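Notes follow once the structure below has been shown.
None of the values given here were measured: they were computed from a predicted structure.
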Amino acid sequence: EPILHGSLQKSKIYQFPVYAHPSDLSVIDLSLFSPRFKGEKILGRYTDPEFVPYYDREEIDAKGLPPHIAPPLAWVDNKVDLFFLHIQGSGRIFLDTGEILNVHYHASNGRPYRSIGNYLIQRGKLSLSEMSMQAIRAYLREHPKEMDTILNYNPSYVFFKVEKDGP
């Protein structure tokens with residue numbers, strides 16, 4: 001279970017938001033339109049008069065989401081830790097107040113998951129034999145200028161809810 005360090009307030013240290021479920025994220029159950037779409041859903045948002053895909057990781061990280069649409073549950077101090085929280089789907093945030101916030105997967109933006117590990121292997125940055133979460137973290141730490149490009153390779157973005165207990 002990922003452990004992150006955070007605050008309920010944004011600051012110079014805690015800059016990266018852990019977003020709650022956005023109020024403008026909608027789900028369309030396609031099976032309601034035809035039995036051939038049984039079990040298929042799409043996620044997106046309305047931009048009058050169209051329904052469009054929800055923002056991807058790059059758009060969310062670059063521009064943020066308005067607090068009235070997706071209030072941050074907390075702010076964390078490490079972008080890579082937050083990325084891995086998205087991958088794991090739940091974790092603990094040790095707040096600067098001494099409290100612990102348990103966050104769990106609530107929804108995603110509906111974009112496909114793409115492995116940054118595979119991305120690094122395909123580009124010859126890491127070998128298959130050395131691939132691990134620790135190797136990815138080390139690579140990102142040693143190549144900070146490549147971080148956004150690598151993280152944005154995965155357009156999927158996860159939104160969280162607070163729970164009393166861990167997973």
**OP:** Can you spot which of I93, L85, I13 makes a side-chain contact (heavy atoms from CB on, under 4.5 Å) with V76?
**Re:** I93

Original post:
Okay, side chain of N154, backbone of I116: is any donor-acceptor separation there less than 3.5 Å?
Top reply: no

Original post:
Does Q122 reach the main-chain N or O of Y119 with its side chain, forming a donor-acceptor pair under 3.5 Å?
Top reply: no

Original post:
Does a side-chain heavy-atom distance below 4.5 Å link L30 with K41?
Top reply: no

Original post:
Of all heavy-atom pairs between W75 and K10, which one has the smallest distance, and what is that distance?
Top reply: CD1-N, 3.4 Å

Original post:
If we ignore angles and hydrogens, is there a donor and acceptor under 3.5 Å between the side chains of Q88 and Y105?
Top reply: no

**OP:** Would you mind reporting whether K79 and D148 have side-chain heavy atoms less than 4.5 Å apart?
**Re:** yes

Original post:
Tell me, do L140 and R137 make a side-chain contact under 4.5 Å, heavy atoms counted?
Top reply: no

**OP:** Calculate, to the nearest 0.5 Å, the distance between atoms NZ and CD1 belonging to K145 and I150 respectively.
**Re:** 14.0 Å

Original post:
Do M133 and V80 belong together in a cluster built from hydrophobic side chains that touch within less than 4.5 Å?
Top reply: yes

Subject >> Charged N-O contact under 4.0 Å between E40 and K38 >> reply: no

Original post:
Has the side chain of H86 got a donor or acceptor atom that lies under 3.5 Å from a matching backbone atom of V158?
Top reply: yes

Subject >> Backbone N/O of F37 and side chain of S34: donor-acceptor pair under 3.5 Å >> reply: no

Original post:
Do the two ring centres, one from Y14 and one from F16, sit under 6.0 Å apart?
Top reply: no

**OP:** For I136 and G117, work out which heavy atoms get closest and say how close.
**Re:** CD1-CA, 3.9 Å

Subject >> Side-chain heavy atoms of I3 within contact of F94, under 4.5 Å >> reply: yes

Subject >> Pair listing, side-chain hydrogen bond (donor to acceptor under 3.5 Å, both in side chains) test, anchored in residues 15-33, at least two apart >> reply: D24-Y54, D29-S31

Subject >> Gap between atom OG1 of T47 and atom CD of E50 - 0.5 Å precision >> reply: 5.5 Å

Subject >> Backbone N/O of S156 and side chain of R57: donor-acceptor pair under 3.5 Å >> reply: yes

Original post:
Do I87 and I60 share a hydrophobic cluster (ILVMFWY, side-chain heavy atoms under 4.5 Å, transitive)?
Top reply: no

**OP:** Apply side-chain contact (heavy atoms from CB on, under 4.5 Å) to the pair M131 and I121, showing each step before the final yes or no.
**Re:** CA-CA 8 Å; M131 181 51 61; I121 291 169; 3.7 Å; yes

Subject >> Working for side-chain contact (heavy atoms from CB on, under 4.5 Å), residues F33 and I28 >> reply: CA-CA 10 Å; F33 296 88; I28 295 178; 3.7 Å; yes

Original post:
Do any N or O atoms from the side chain of E130 and from the backbone of S127 form a donor-acceptor pair under 3.5 angstrom?
Top reply: yes

Subject >> From CG (L25) to CD1 (I69), nearest 0.5 Å >> reply: 11.0 Å

Original post:
Sub-3.5 Å donor-acceptor pair from the side chain of N102 to the main-chain atoms of K164, do we have one?
Top reply: yes

Subject >> Closest non-hydrogen atom pair between P155 and N109, with its separation >> reply: O-ND2, 2.9 Å

Original post:
Quick one: is the NZ or CZ of R45 closer than 6.0 Å to the six-membered ring centre of Y55, and within 45° of its axis?
Top reply: yes

**OP:** Check the hydrophobic clustering (I, L, V, M, F, W, Y; side-chain heavy atoms under 4.5 Å; chains of links allowed) and say if Y153 and L128 are grouped together.
**Re:** yes

Subject >> Residues forming a side-chain contact (heavy atoms from CB on, under 4.5 Å) with T97, sequence neighbours excluded >> reply: L95, E99

**OP:** To the nearest 0.5 angstrom, please state how far the NE2 atom of H104 sits from the CG atom of L73.
**Re:** 11.5 Å

**OP:** Evaluate the side-chain contact (heavy atoms from CB on, under 4.5 Å) criterion for residues E146 and K125: first the C-alpha distance (whole Å), next the side-chain angles of each, then the deciding distance (0.1 Å), finally the verdict.
**Re:** CA-CA 11 Å; E146 296 178 46; K125 309 286 186 177; 3.5 Å; yes

Original post:
Y113 and L82: same hydrophobic cluster, using ILVMFWY side-chain contacts below 4.5 Å?
Top reply: no

Original post:
For L65 and P22, which heavy atoms make the closest approach, and how far apart are they?
Top reply: CD1-CG, 4.4 Å

Original post:
Is it true that atom CD of E58 has more than 12 heavy atoms of other residues, nucleotides or ligands lying nearer than 6.0 Å?
Top reply: no

**OP:** Can you establish whether the number of heavy atoms outside E163 located under 6.0 Å from its atom CD is more than 12?
**Re:** yes

Original post:
Which word best sums up how the rings of Y157 and F159 line up, parallel for under 30°, tilted for 30 to 60°, or perpendicular for over 60°?
Top reply: tilted

